[in-house]
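Note on naming: letters A, B, ... go to the chains in the order of the sequence lines (proteins, then strands), and numbering restarts at 1 for each one.
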Protein chains: 2
Amino acid sequence: MSESPFRVRPGHAAATPGASMSGPEAEERVVSAVVEAILGHRIAPGTRLIERELASYAGASRSAIRNGLLTLAHAGLVELSPNKGATIAMCSPGEARQIFEARIVIEAAVLDIVAHTLNDAGRARLDAFIDEESTAYEAGRMEEARHLSRRFHLLVAELSGNDVLTGFVRDLINRQPLLSWTREARKSRFCGNEAHQRIADALARGDGAEAARLNTEHLRELERELRTDRDSAIKSVGGDEAGQDPRPRPA
Amino acid sequence: MSESPFRVRPGHAAATPGASMSGPEAEERVVSAVVEAILGHRIAPGTRLIERELASYAGASRSAIRNGLLTLAHAGLVELSPNKGATIAMCSPGEARQIFEARIVIEAAVLDIVAHTLNDAGRARLDAFIDEESTAYEAGRMEEARHLSRRFHLLVAELSGNDVLTGFVRDLINRQPLLSWTREARKSRFCGNEAHQRIADALARGDGAEAARLNTEHLRELERELRTDRDSAIKSVGGDEAGQDPRPRPA
DNA sequence: TCCATCAAGATTGTTGACAATCTATTCATT
DNA sequence: AATGAATAGATTGTCAACAATCTTGATGGA
């Protein structure tokens, strides 16, 4: 059996089939494990999720797993088909376009709100965040940098003070890795935090329109990069996909 | 509570405790029954939903009910507390404000998209819808009119061609009745479809900015009306709930 | 009268087993 | 060899019973 794509969280023992450490946390544990696996590009879209495997991994019952899968399905991260089970969601190019469009318009609105309401505490949070992000980039810690790069957009949403919009942004960001599976370890030339730095500067000046414009440009750049990745993946048909480690379980 | 707030759908027999007409539809039936009950103002926020009651009503097992409640919780319509069960969600004034804000910004973006992409077929759908809505209003069929009034905003979202944004708008609209429980049967002076008519006209002209402006004004009017309702409800009932914590979201 | 304590009932949470369905392999036929 | 049917295995869907927890009402004392 291949390596599990799910990462064991500190403080939690790995799957011990006998130990039924169930509880309200079990469902949450499965959800966050799958989310982390998706965000870390350790699990491919289309991978089938088998209830009993997840159950034994998480040391939970199938009921908890089912609840977790329902939660993930609502967040758009897994697809459920009756009698056929759950798979990691696959986004068609059309869906990818819609997700980017949604991010562009919602984040533009959020940035406009933040530009009008940002206080000193928020400005400090933004500054500290940008520092942390650029430090991670310069140190070459790409995994952490990618994580922080996603977190930036979430932080801006949080600064708007609107939990509803923040939840939408979080869902959209979590689906991002599903759009560009191949972009795993490649160092993106657009994912640097210069764009984030400029957006934060515009926010600090109270210029919401400019911040929104920069963010839109930033996201369009990401989308363009994604499309070229997808195209190049098409021409190198089977080799690339089979060569990557995380494949659907052989089972 | 002697009378059930849930309306029996045509084609489905009422609860027959012995008949276990379960299936994949059972969950869906419960979900839509609760949604309809909320939309029809037949069930109050804070009402406790007891699994066994719902199960016997829907002729389904508790498992299906549980799944349905989870779905409703994800949509923000019910709140689940561990070991305490499910209640119809209650929105604090702060949450209500956030929901209106989210609707304003998302629908503005949607209107801008529609204004740039509307074709003849879409224009025809809008026209037909406005006719149907105004007919319902003039005939005094207020329940249908309220339904269509909500549907108008959903139709505009659908015309944008973006399923992601449409889903967000749908969730927000479905939560609307939770914000203004007291406004049940009252004929609102702002809920007429003149506003919708003007928005549709602006869309037909391709003037997205004006459509968004009109829609924002429309929603702010609704929110103001809601606040006066809530204030008058406070003086009659007296007990007002403190700020509720927002529901937990998937990580 | 008010408050703490406690017991009985009610409700949710969990488990395991069973039925229904799908999937993959095998095997017969053309 | 290719195709289609049948069978065995695997997986999901469902259910009823049991355990854990909460709620309600009563009881007794200050």
Problem - Rounded interatomic separation in angstrom, taking CG from N67(B) and C1' from dT12(D) - result: 12 Å

Exercise for the section: Measure from CD1 on I65(B) to C1' on dG13(C) and round the result to the nearest Å. Expected result: 16 Å

Practice task
Quickly work out the R52(A) CZ to dG13(D) P distance and round it to whole Å.
Solution key: 13 Å

Problem - F168(B) side chain reached by R103(B) side chain, heavy atoms, under 4.5 Å - result: no

Practice task
Respond yes when some side-chain nitrogen or oxygen of R66(A) is under 4.0 Å from OP1 or OP2 of dG13(D), and no when none is.
Solution key: yes

Exercise for the section: Return yes when atom CZ of R141(A) has more than 12 non-hydrogen atoms of other residues, nucleotides or ligands closer than 6.0 Å, and no otherwise. Expected result: yes

Exercise for the section: Check for a donor-acceptor pair, side chain of R29(A) on one end and backbone N or O of A58(A) on the other, with a separation under 3.5 Å. Expected result: yes

Completion exercise
Whole-Å distance, L69(B) CG to dT12(C) P, equals 9 Å

Report each atom pair, protein N/O against N/O of nucleotides 21-23 of chain C, whose distance is under 3.5 angstrom.
| residue | atom | partner | partner atom | Å |
| --- | --- | --- | --- | --- |
| dT21(C) | O3' | N83(A) | ND2 | 3.4 |
| dT23(C) | OP1 | K84(A) | NZ | 3.4 |

Handout entry: Rounded distance in Å - CD (E27(B)) to P (dG13(D))
Key = 10 Å

Handout entry: Separation of atom CZ in R62(B) from atom C1' in dT14(D), rounded to whole Å
Key = 13 Å

Exercise for the section: For dT15(C), take OP1 and OP2 only and decide whether either is under 4.0 Å from a side-chain N or O of S61(A). Expected result: yes

Exercise for the section: Could you tell me whether the side chain of V156(B) reaches within less than 4.5 Å of the side chain of V110(B), counting heavy atoms only? Expected result: yes

Handout entry: Length of the line joining L54(B):CG and dT11(C):P, which is rounded to integer Å
Key = 12 Å

Exercise for the section: Using the side-chain contact (heavy atoms from CB on, under 4.5 Å) rule, pick out the option among R97(B), E95(B), Q98(B) that qualifies with V164(A). Expected result: Q98(B)

Handout entry: Pairwise salt bridge (Lys or Arg N to Asp or Glu O under 4.0 Å) hits with a residue in residues 60-84 of chain A, at least two apart
Key = E51(A)-R62(A), E51(A)-R66(A)

Practice task
May I have the distance from E51(B) (atom CD) to dT21(D) (atom C1'), rounded to whole angstrom?
Solution key: 13 Å

